[in-house]
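Below is one structure; the comments refer to it alone.
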Amino acid sequence: MDLNLEIITPEKIIYSNDVGLVQLPGINGSFTVLKNHAPIVSNLEKGTIRVIGKNGKEHFFECTSGIFECRNNKATIIMDAIIKK
């Protein structure tokens, strides 16, 4: 099973796809999540989210703050607002 990522705001799902990795601006510093990562829940702070898709293409999103959860290769970012770069 691949790592599936969803980025969600109250208005809509911004991104939903299988990814190779996701780098996030955690409140204790930046961190990276790959396939088969241990379960994790983290608050996010203002910064850039970097996503590398299964095809190797990079996507960047600017976030204000939010929550990240990952378990069983299902990663979810929930935010008030997000801007795709």
Side-chain angles (χ1 to χ4, degrees):
M1 174 182 251
D2 293 322
L3 177 61
N4 181 266
L5 173 66
E6 281 193 337
I7 302 175
I8 302 169
T9 67
E11 292 82 30
K12 63 182 178 177
I13 296 173
I14 301 294
Y15 183 89
S16 180
N17 216 334
D18 289 339
V19 300
L21 72 78
V22 58
Q23 290 180 328
L24 302 137
I27 58 170
N28 293 321
S30 179
F31 64 98
T32 300
V33 174
L34 303 167
K35 179 176 153 180
N36 297 324
H37 195 284
I40 183 173
V41 175
S42 177
N43 288 323
L44 303 176
E45 65 178 14
K46 185 176 180 179
T48 301
I49 297 169
R50 177 180 174 230
V51 176
I52 298 181
K54 292 297 289 180
N55 61 1
K57 185 175 180 183
E58 288 184 301
H59 304 273
F60 295 92
F61 302 89
E62 279 299 312
C63 70
T64 52
S65 65
I67 298 173
F68 173 77
E69 178 185 17
C70 182
R71 69 183 157 107
N72 299 325
N73 289 315
K74 173 70 176 155
T76 306
I77 300 170
I78 301 172
M79 316 185 90
D80 288 336
I82 193 163
I83 302 166
K84 185 171 189 212
K85 281 182 143 183

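Only heavy atoms go into these numbers, but all of them, side chains included; no hydrogens, no water, no symmetry mates.
In this structure Glu58 satisfies the side chain to side chain contact (heavy atoms under 4.5 Å, CB included) test together with Arg50, Ile52, Phe60, sequence neighbours excluded. Partners of Ser30 by side chain to side chain contact (heavy atoms under 4.5 Å, CB included), not counting sequence neighbours: none found. Applying the side-chain hydrogen bond (donor to acceptor under 3.5 Å, both in side chains) rule to Lys54 yields the partners Asp2; only residues at least two apart in sequence or on another chain are considered. Residues that satisfy the salt bridge (charged side-chain N to carboxylate O under 4.0 Å, His left out) test with Asp18, not counting sequence neighbours, are absent from this structure. Residues meeting the side chain to side chain contact (heavy atoms under 4.5 Å, CB included) test with Lys57, sequence neighbours left out: Asn55, His59. A search for side chain to side chain contact (heavy atoms under 4.5 Å, CB included) contacts involving Leu34 returns Leu21, Thr32, not counting sequence neighbours.
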For side-chain contact (heavy atoms from CB on, under 4.5 Å), just list the numbers for Val51 and Leu5, CA-CA rounded to whole Å, side-chain angles, deciding distance to a tenth of an Å, and then say yes or no. CA-CA 9 Å; Val51 176; Leu5 173 66; 3.6 Å; yes
Does the pair Ile7 and Phe61 meet the rule for a side-chain contact (heavy atoms from CB on, under 4.5 Å), with working shown? CA-CA 10 Å; Ile7 302 175; Phe61 302 89; 3.8 Å; yes
Stepwise side-chain hydrogen bond (donor to acceptor under 3.5 Å, both in side chains) check, Glu45 with Ser65: CA-CA 4 Å; Glu45 65 178 14; Ser65 65; over 6 Å; no
Ignoring hydrogens and angles, write down the donor-acceptor pairs under 3.5 Å from the side chains of residues 69-78, residues two or more places apart or on other chains.
unit_1: Glu69; atom_1: OE2; unit_2: Arg71; atom_2: NE; d: 3.2
unit_1: Asn73; atom_1: OD1; unit_2: Asn36; atom_2: N; d: 2.6
unit_1: Asn73; atom_1: ND2; unit_2: Asn36; atom_2: OD1; d: 3.0
unit_1: Lys74; atom_1: NZ; unit_2: Asn4; atom_2: OD1; d: 3.1
unit_1: Lys74; atom_1: NZ; unit_2: Glu6; atom_2: OE1; d: 3.4

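Hydrophobic cluster membership of Ile67, counting Ile, Leu, Val, Met, Phe, Trp and Tyr whose side-chain heavy atoms lie under 4.5 Å apart directly or via other members: Val41.
Hydrophobic clustering keeps Leu44 apart from Ile8 (ILVMFWY residues linked when any side-chain heavy atoms are closer than 4.5 Å, directly or through intermediates). The cluster map of Ile, Leu, Val, Met, Phe, Trp and Tyr, joined by side-chain heavy atoms under 4.5 Å apart, puts Tyr15 and Met79 in the same cluster.
Using a 4.5 Å heavy-atom threshold, the side chains of Ile49 and Pro25 count as touching. Proximity of Thr9 to Asp80: side-chain heavy atoms (C-beta onward) are nowhere separated by under 4.5 Å.
Considering every non-hydrogen atom in both Gly26 and Phe31, the closest pair reads CA-CE2, 3.7 Å.
Among pairs with a residue in residues 35-58, none fulfils ring pair (Phe, Tyr, Trp, His ring centres under 6.0 Å), at least two apart in sequence or across chains.
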